[in-house]
Engineer: 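Sharing a structure, written as structure tokens. Questions coming.
Every heavy atom of this structure was used, including side-chain atoms; hydrogens, water molecules and symmetry mates were not. Keep in mind the model is a prediction, meaning the values are calculated, not measured.
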Amino acid sequence: MSDATIDSIPQHGPARTGRFIVYGVVGLIGLGLLFAPFLFPDVRSQEVASRICIFIVLVASYDLLIGYTGIVSFAHTMFFGIGSYGAAMALKMMGPGWDAILVGTLVALVVSLVLAALIGLLSLRVKAIFFAMVTLAAASVMAVMASQFSDFTGGEDGIIYKIPRLFSPAVKLLTDDNGKVLKILGVSANGKLAAYYFVFFGSLILYLVMLRIVASPLGTVLEAIRENEMRAEALGYRVVLYRTAIFCIAALIATLAGVLRAVWLKYTGPDTSLSFAIMIDILLMVVIGGMGTMIGAIIGATLMSLAQYYLKDLMEAAAQATAGIPLLPDLLAPDRWLLWLGVLFILLVYFFPAGIAGTLMKKDTH
């Protein structure tokens, strides 16, 4: 057996193991989200599951920019907010019908497309930091407009509205012989179940579309632009047009994610759709999962969302369990959950410098 053959043996093992771990974890997450209403029937768990579904789309669409093309944008939440407000304002003015959702979605898509094209064509010619500042300014302007035009947007209070009756908990999707709502594994087959699967399958379709994009020739060109923009230009690719095109595509997908969020929440406000904190979450999720890996969006969005919703509960239980030990209960107090979230993030970045999926699957290249 040659030295080359011997050297290759330990390389293939870690490569297969890394892929197996990543795909196994993602498969479990997918099954968990698919059956979430039956596995976790309480209201809080379903809110977490729906948020994960929507943020997987949002993070993956942002990864099209930062991970696949090398574009740093702070305007992604702006397009997310346009989708949310578009659906919310239409539902508020036209009533809880599918026509309102359709009109609101179409208007939001047109507005997002126009803004994305303008920002792209005017700003993508400049280099990274200048473009990032332009997008940050655009996002700030949109947030101010949402607060100032309170007659339409509800201002800081946001908008509360009704959604189609199909998604109402009072609607019986399936009934038994006595006319009562049918229970599947102890869960009522009502409109709440329909609302969740509207979000789940809507997110799934958008995610599959993005997988197709990165697997297409367009995805290959985007990666070439990311690696060496000048060489891509020399090969005949019009870099500005490609960067503008993917910026528009990512904006439209983020807009549709905003529509899903608006339908699920039945409320839209600055904190739920336009807050810069959402942009920070997206960036953290991309880094945790791994830039340039669509599959990393699933891992990053899931870990971050679970930490945000359940880390305080875990810390409270840990503080009670260590009540007799000096200092530990104070360090583990639920009020310090952001501190430990930061520590967790630092550890993840240290041990997984290319993100969880990126680091494990990168072993294939060794």
Side-chain angles (χ1 to χ4, degrees), residues 54-87 102-128 130-143 145 202-203 205-226 229 232-233 237-262 273-274 278-279 282-283 286 291-292 294 297:
I54 292 165
F55 269 78
I56 286 173
V57 173
L58 203 53
V59 172
S61 63
Y62 188 66
D63 200 28
L64 287 176
L65 298 178
I66 194 169
Y68 282 87
T69 320
I71 298 173
V72 179
S73 168
F74 292 116
H76 214 55
T77 47
M78 177 178 75
F79 301 115
F80 181 66
I82 289 171
S84 293
Y85 272 101
L102 180 61
V103 170
T105 300
L106 290 175
V107 171
L109 287 173
V110 170
V111 172
S112 292
L113 181 61
V114 170
L115 286 175
L118 287 174
I119 292 172
L121 290 173
L122 295 176
S123 306
L124 281 172
R125 293 180 181 275
V126 300
K127 296 303 177 183
F130 301 104
F131 175 72
M133 292 300 99
V134 170
T135 59
L136 179 60
S140 300
V141 169
M142 186 60 67
M145 289 176 64
S203 300
I205 291 169
L206 292 173
Y207 184 76
L208 292 176
V209 167
M210 287 184 282
L211 283 181
R212 183 68 188 91
I213 290 171
V214 298
S216 70
L218 173 60
T220 305
V221 175
L222 296 178
E223 292 185 36
I225 293 171
R226 177 195 66 198
E229 183 178 330
E233 190 85 50
Y237 294 109
R238 301 184 67 180
V239 171
V240 172
L241 282 182
Y242 275 100
R243 284 159 65 95
T244 303
I246 198 61
F247 191 72
C248 291
I249 291 170
L252 294 177
I253 293 172
T255 301
L256 291 173
V259 172
L260 293 177
R261 186 68 169 159
S273 57
L274 289 171
I278 299 174
M279 189 69 244
I282 295 170
L283 282 167
V286 170
M291 288 192 291
M294 281 285 110

Engineer: Between Leu274 and Gly81, which heavy-atom pair has the shortest distance, and what is it?
Structural biologist: CD2-CA, 3.7 Å
Engineer: Among all residues two or more places apart in sequence or in another chain, which pass the side chain to side chain contact (heavy atoms under 4.5 Å, CB included) test with Arg238?
Structural biologist: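 Side chain to side chain contact (heavy atoms under 4.5 Å, CB included) check on Arg238 returns Leu241.
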Engineer: Just so I know, are the side chains of Ile82 and Leu115 near enough to count as touching, which here means a heavy-atom distance under 4.5 Å?
Structural biologist: yes
Engineer: List for me each residue that meets ring pair (Phe, Tyr, Trp, His ring centres under 6.0 Å) alongside Tyr62, sequence neighbours excluded, and say none if there are none.
Structural biologist: His76
Engineer: Give every donor-acceptor pair under 3.5 Å between a side-chain atom in residues 131-141 and any protein atom, sequence neighbours left out.
Structural biologist:
from, atom 1, to, atom 2, distance (Å)
Thr135, OG1, Phe74, N, 2.9
Thr135, OG1, Phe131, O, 3.4
Thr135, OG1, Ala132, O, 2.7
Ser140, OG, Leu136, O, 2.9

Engineer: Only counting residues at least two apart or in another chain, list the ones meeting salt bridge (Lys or Arg N to Asp or Glu O under 4.0 Å) with Glu233.
Structural biologist: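 Applying salt bridge (Lys or Arg N to Asp or Glu O under 4.0 Å) to Glu233 gives none.
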Engineer: If I compare all heavy atoms of Ala257 with all of Val57, which pair ends up nearest, and what's the gap?
Structural biologist: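 Closest pair (atom of Ala257, atom of Val57, distance): CB-CG1, 4.0 Å.
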Engineer: Please name all residues satisfying side-chain hydrogen bond (donor to acceptor under 3.5 Å, both in side chains) with Ser73, sequence neighbours left out, ordered by chain then number.
Structural biologist: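 In terms of side-chain hydrogen bond (donor to acceptor under 3.5 Å, both in side chains), with neighbours along the sequence ignored, Ser73 is linked to no residue.
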Engineer: More than 12 foreign heavy atoms under 6.0 Å from CE of Met291: is that the case here?
Structural biologist: no
Engineer: Please list, one pair per line, the donor and acceptor atoms closer than 3.5 Å that link side chains of residues 215-225 to other protein atoms, with sequence neighbours excluded.
Structural biologist:
from, atom 1, to, atom 2, distance (Å)
Ser216, OG, Ile213, O, 2.6
Ser216, OG, Leu218, N, 3.3

Engineer: When rounded to the nearest 0.5 angstrom, what is the spacing between CG in Leu206 and CG in Leu58?
Structural biologist: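 Leu206 CG to Leu58 CG: 11.0 Å, rounded to 0.5 Å.
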Engineer: Going by the rule side-chain hydrogen bond (donor to acceptor under 3.5 Å, both in side chains), which residues pair with Thr255 if we only count those two or more places apart in sequence or in a different chain?
Structural biologist: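 Result, side-chain hydrogen bond (donor to acceptor under 3.5 Å, both in side chains) vs Thr255: Ser112.
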Engineer: Please find the pair of heavy atoms, one from Met279 and one from Thr77, that lie closest to each other, and give the distance.
Structural biologist: N-CG2, 3.4 Å
Engineer: Could you tell me if the side chain of Val286 sits less than 4.5 Å from the side chain of Val59, heavy atoms only?
Structural biologist: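 They are in side-chain contact.
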Engineer: With sequence neighbours left out, what residues match Ser84 under side-chain hydrogen bond (donor to acceptor under 3.5 Å, both in side chains)?
Structural biologist: none
Engineer: Let me confirm one number: the CG-CG distance from Leu256 to Leu109, rounded to the nearest 0.5 Å.
Structural biologist: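 Reported value, rounded in 0.5 Å steps: 5.0 Å.
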Engineer: Please confirm whether the backbone N or O of Phe80 pairs with a side-chain atom of Ser273, one donor and one acceptor, at under 3.5 Å?
Structural biologist: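 The answer is no, because no donor-acceptor pair under 3.5 Å joins these two groups.
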Engineer: Between Met210 and Asp63, is there a side-chain heavy-atom distance shorter than 4.5 Å?
Structural biologist: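 They are not in side-chain contact.
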Engineer: How long is the straight-line distance from CG of Leu118 back to CG of Leu113, given to the nearest 0.5 Å?
Structural biologist: 9.5 Å
Engineer: Can you list everything that forms a side chain to side chain contact (heavy atoms under 4.5 Å, CB included) with Val107? Sequence neighbours excluded, please.
Structural biologist: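 Counting only residues at least two positions away or on another chain, Val107 forms a side chain to side chain contact (heavy atoms under 4.5 Å, CB included) with Val103, Val111.
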Engineer: Once side chain to side chain contact (heavy atoms under 4.5 Å, CB included) is applied, do any residues pair with Ala116, and if so which ones, sequence neighbours excluded?
Structural biologist: Phe79, Phe247, Cys248, Ala251
Engineer: Which heavy atom in Leu260 sits nearest to a heavy atom in Gly202, and how many Å separate them?
Structural biologist: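 Heavy-atom minimum between the residues: CD1-C, 3.9 Å.
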Engineer: If we ignore hydrogens and angles and just use 3.5 Å, is the side chain of Arg243 paired with the main-chain N or O of Gly120 as donor and acceptor?
Structural biologist: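 No.
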Engineer: Evaluate the side chain to side chain contact (heavy atoms under 4.5 Å, CB included) criterion for residues Ile246 and Leu65: first the C-alpha distance (whole Å), next the side-chain angles of each, then the deciding distance (0.1 Å), finally the verdict.
Structural biologist: CA-CA 7 Å; Ile246 198 61; Leu65 298 178; 4.2 Å; yes
Engineer: Which residues satisfy the side chain to side chain contact (heavy atoms under 4.5 Å, CB included) test with Ala87, sequence neighbours excluded?
Structural biologist: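 Counting only residues at least two positions away or on another chain, Ala87 forms a side chain to side chain contact (heavy atoms under 4.5 Å, CB included) with Val259, Ala262.
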